[in-house]
Asker: 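Structure provided below as C-alpha cells; questions to follow.
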Amino acid sequence: MARSLNYFFIIMSRNICSGVHWVGAIDFSLRLFDALVPTPDGTSYNAYVVQGAARTALIDTVEPGLMDDLFTNLDQAGITRLDYVVINHAEQDHSGSLPEVLKRFPEAMVVTNDKCKAQLALLFDLAPERFRIVKDRETLDLGGKTLEFIFAPWVHWPETMFTWLREDKILFSCDFLGAHLGTSDLFVNDLSEIYEPAKRYYGEIMMPFRSHIKSHLEKLATLPIAMVCPSHGPLHRQPEHILGAYRDWVSDRVRNEVVIPYVSMHGSTEKMVQIFTRDLIARGVTVKPFDLTKTDLGKLAIALVDAATVVFATPTVLLGAHPQAILAAYLTNALKPKTRFISFMGSFGWAGKTTDQLAKILDQLKAETIPPLIIKGAPRSQDFEAIGKFADDITTRHRAAGLFADQN
Ligand code: FEO
C-alpha cells in the first residue's frame, strides 16, 4: 500500500521496557487500508526490537512505503546488528520491508514457521538459507530474553503466530488484539479510548474467524500476560481490558439490537425503515439503521459484532436488490457475524426477486430467516400495520431468546 497522500511522519524509537523498543511507523492520515477497510483514525505499523545479552531480534517490519521510518528508528535505538527478524504474519503491511531489512542486516536470519515461509515465498525472492523455521512453542534464547513462538492460525491468515517474551511477560500478538488507530500515545490509558477502533478491527478482520479466536483466547489464558504489543494501534499495559472485550465479542451472546442496512431510491423503503425503527424503539429494541449511500461500512461491521437481528432494506431495481444492498449482504456474509435472525424489507413497483437474491448471498450465516416484509409501491396505512406486526415478530423472538434487560 502506498503512503497516504497527507502522510506526515513521526520518527522516534520508544522504549517499552529494558531491552525492548518500539521502532514502527505511524500513519495518522491513512483513510483506506488495503483499498478495502476504512481507517477514519489512521493506523500504525508496529515493529519491535528485543535485545538480549547475546542476540538482538526485530519482531515484524512495517508497511514498505514507511520503511524509512523503521530504519531511522532502528538507528535511533542504536541497533547496528540484527541476528533475527521474527515474522509473525506474512501480510505485506508487516512483511513488506523484509527484503530491504535483510539487505541492510546481512547477518539476520528470518525466524518464522513453515506456513509463513511458504507465504513469504509467494511475495518475495528470499534465499532459503536466510530462514530459521520454528515449531509451535519452540523457544529462542537471546541471552536473558527468551522468545517463545505460539502458533495462532487464522488471526487472520493461516500462518499467523504470536511471540511471547517470557521474562517480561510481553505478548507480541501480530494483528490479534490490534486496532487501526494512529495516535501519539504508545500505550492505551483507558479501554474507552480504544474500544471502538478495536471493535471495528475485530469486526472487519477477526470476526470471520470467531471460533479460532475463541480457542486462541483460551490458550492465552494460561499465560501471565503483563503487556500486549499488537501490530496496529497502541499497546496494552492492562491486557485484561482488551482480552475481556474480545471474550465478549467471540461469545455466543447477542444484544437486543436490530441492525438495518438500507437504501432507498424514491423514499418508500426509507419511509418503511423510519416506521419500523420507531416501532422497534417503542417495543424496547435498540435499532441501528445505516443508510448505505452514506455509511462508513466499518461502522456497520461494528454493529454486526453483537446484534441479534439484521434486516436488509432495499427497493427493487431491475428485478433485484439495489447494488448497495447487495454489497452490504455480501460483506455481512463474508464477515460471518453471530446474528441469530435475518430478514428483508422494501418496496417494489411491478415484480422482483429481491428477497431470494439476498438470501442466496447470505448463505454462510447460521441465522434463522424471519418472513420478510415486501410491499408494492409507497407505504400506506395497511402497510404501517404490517410494519408494526413485523416489529412484533422480531420483538417476540428477542424476548424468547431472553435478550431484554428485564429478563436478566
Ligand atoms: Fe496488519 Fe493482516 O496485517
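For ligands, and for the atoms within them, numbers begin at 1 and follow the listed sequence.
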Asker: At a threshold of 2.8 Å, where the distance has to be below it, does atom 1 (Fe) of ligand 1 have an N, O or S atom of H232 nearby?
Answerer: yes
Asker: Is NZ or CZ of R104 both nearer than 6.0 Å to the six-membered ring centre of F71 and within 45° of the ring axis?
Answerer: yes
Asker: Is there an N/O/S atom in H156 at a distance below 2.8 Å from atom 2 (Fe) of ligand 1?
Answerer: yes
Asker: Quick test of your reading of the model: are K199 and D306 salt-bridged, counting only N-O distances below 4.0 Å?
Answerer: yes
Asker: So does A90 get a backbone contact from the side chain of E159, meaning a donor-acceptor N/O pair under 3.5 Å?
Answerer: yes
Asker: Among the N/O/S atoms of H89, which is closest to atom 2 (Fe) of ligand 1? Give the atom name.
Answerer: NE2
Asker: So does D252 pair up with K214, basic N to acidic O under 4.0 Å?
Answerer: yes
Asker: Give the atom name of whichever N/O/S atom in D93 sits closest to atom 1 (Fe) of ligand 1.
Answerer: OD2
Asker: For atom 1 (Fe) of ligand 1, which N, O or S atom of D175 is at the shortest distance?
Answerer: OD1
Asker: Got a sec: is E91 within less than 2.8 Å of atom 1 (Fe) of ligand 1 via an N/O/S atom?
Answerer: no
Asker: With side-chain contact (heavy atoms from CB on, under 4.5 Å) as the test, pick out the partner of V305 among M206, R255, M207.
Answerer: M207
Asker: How is the N/O/S atom of H94 that comes nearest to atom 1 (Fe) of ligand 1 named?
Answerer: NE2
Asker: Less than 4.0 angstrom from a charged side-chain N to a carboxylate O is my criterion; do R397 and D392 meet it?
Answerer: no
